[in-house]
Amino acid sequence: MSSNRILIIDFGGQYNQLIARRVRECGVYSEIKGFESVSLDEIRAFDPKGIIFTGGPQSAYGEGAPSIDDGIFELGVPVLGICYGAQLMAFRLGGKIESAPTSEYGRTEVAVTGKDGILRAADDSNVCWMSHTDYISEPPAGFTVTAHTDDCPVAAMEDASRGFYAVQFHPEVNHTEHGAEFIREFVLGVCKCDQDWKMDSFAEKQIAAVREKVGDGRVLLALSGGVDSSVVAALLAKAVGPQLTCVFVDHGLMRKNEADEVEAIFGTEGDFDLNFVRVNAAERYYAKLAGVTDPERKRKIIGEEFIRVFEEESKKIGAVDFLAQGTIYPDIIESGLGKSAVIKSHHNVGGLPDYVDFKEIIEPLRMLFKDEVRQLGRELGLPEYLVSRQPFPGPGLGVRIIGEVTAEKVRIVQDADAIYREEIDKAGLAGSISQYYAALTNMQTVGVMGDFRTYDYAIALRAVITSDFMTAVAAEIPWEVLQRVMTRIVNEVDHVNRVFYDLTSKPPGTVEME
Ligand code: XMP
């Protein structure tokens with residue numbers, strides 16, 4: 001009996017993880033293996049119901065081009081080739097690959113002529129995402145061309161009798177219309193996979209994998225209370241709870257009540273069996289931040305202090321074998337984007353490995369996207385308010401208090417932010433806004449309250465809509481909701497007499513104020 005999974009063979013393309021994601025969205029388990037590290041015997045042992053060849057940067061006919069044992073085409077397993085994978089399939093099976101007279105990049109109209117196979121859902125003229133300099137000039141014997149463009153004679157081809165399909169474009173990216181449906185048709189229609197992959201099976205597998213890797217070793221995790229590190233904590237607790245120590249540094253720059261909530265979940269009263277260390281470092285942070293107004297210096301101080309506190313704590317704990325991290329897939333793509341200008345020195349636990357003594361890193365979430373991490377968190381029994389939490393910057397409220405940070409200002413911004421959150425929730429808007437918060441401007445203005453002159457702070461409310469946080473627009477919050485928030489903040493939060501709403505998009509603004 002086949003194992004009901006798809007094997008993705010990686011030839012070095014940039015969207016490979018997206019392919020895995022699309023397959024998983026069909027409810028089918030998939031694994032990515034590098035072409036150089038997987039032999040035919042291993043493929044047989046893996047027993048996939050279907051195989052996908054990914055894109056890649058090389059020429060299929062070039063010297064030393066990534067390739068694969070031709071025996072793969074004799075296994076009786078359907079194969080889908082994407083971009084480089086399509087060319088490789090064509091080349092190995094006797095077709096012709098050449099450098100294309102005109103390369104195609106980005107949005108391209110593809111004329112679809114054969115919809116019996118995986119292109120069932122396609123429009124006659126279907127917008128697809130292309131990225132290639134070579135092309136298939138002649139398909140191998142037995143193949144029918146099912147799509148072409150003005151510049152590419154074989155944009156898709158198939159040999160349905162052997163279950164071989166190839167597309168020159170990238171069905172895995174969102175820009176390709178119906179792309180996800182093409183992959184779905186391959187996985188469910190051609191390979192006939194059952195839809196049995198769910199987060200609970202991912203959790204089970206990861207728990208087993210962590211147990212095997214860790215053995216009786218000791219694991220250390222810097223728990224921030226954000227979604228990713230919390231899900232790692234829950235997962236590791238289930239796998240190797242008593243061997244795990246979570247260090248939670250309360251830098252005094254969390255949202256209102258958040259530090260206590262983290263302790264309630266992971267501390268001794270919580271449901272997880274692990275060693276939880278809370279370090280109350282607020283005073284220490286405020287002392288370091290006293291008099292500092294430059295945003296980058298503030299960020300650096302908060303980041304460095306975190307490392308120092310964490311280092312001290314880990315010394316108390318003693319030698320550990322593994323350092324766990326909540327790295328998720330987008331972190332990996334983003335860090336792979338090359339060198340761009342430093343807009344903000346982002347702070348997360350990525351800097352830790354240099355400072356703490358350990359043998360190996362474990363990153364159980366590195367294959368998951370954010371929404372999958374949230375789903376896994378639910379599966380592991382974390383409360384909804386935690387798993388659906390919005391992104392929160394590593395330096396916390398430190399970058400939402402413009403200018404110098406003091407304990408008093410932290411209290412003001414925490415209270416204002418809690419009111420804003422509560423009202424957005426009550427208005428049923430929380431799910432439709434990507435990120436929102438109250439910030440404390442470094443501005444005092446004159447006001448009047450109960451016949452007295454006031455000279456107090458102004459709060460700025462921010463709310464943005466974005467899919468990737470690289471660009472964003474301000475959310476259109478109904479006027480009456482903003483009015484209610486304003487009234488409550490000026491009435492309930494001492495030393496605030498004015499409230500602004502930030503209309504700025506990103507760019508030119510950023511999501512955070514500093
Ligand atoms: P910006 O302000 O750069 O924010 O437009 C984009 C997204 O990143 C979050 N952010 C951070 N996240 N460490 C983080 O882990 C940081 O130092 C940091 N700074 C900003 C921000 O909340 C938004 O979601």
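Each ligand, and each atom within it, is numbered from 1 in the order the structure gives.
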* So is Phe392 polar-close to ligand 1, meaning N/O to N/O under 3.5 Å? -> no

Could you check whether Arg389 pairs with Glu258 (Lys NZ or Arg NE/NH1/NH2 to Asp/Glu carboxylate O, under 4.0 Å)?
yes

Ligand 1 to Pro395, heavy atom cutoff 4.0 Å, flagged ligand atoms 16 (C), 17 (O)

Of Glu514, Gln435, Lys506, Met513, the residue with the heavy atom nearest atom 24 (O) of ligand 1 is Gln435

Less than 4.5 Å apart, side chain to side chain, heavy atoms only: is that true for Ile317 and Leu220?
yes

Kindly check if the number of other-residue, nucleotide or ligand heavy atoms within 6.0 Å of CD (Glu408) is above 12?
-> yes

Within 4.0 Å of some non-hydrogen atom of Pro391, the atoms of ligand 1 are 24 (O)

Q: Measure from NZ or CZ of Lys409 to the centre of the six-membered ring of Tyr286 and say whether it is under 6.0 Å with the direction within 45° of the ring axis.
A: no

If we only count heavy atoms from C-beta on, is the Arg278 to Phe266 side-chain gap below 4.5 Å?
-> no

Taking only non-hydrogen atoms of Thr510 and a 4.0 Å limit, the atoms of ligand 1 in range are 1 (P), 2 (O), 5 (O)

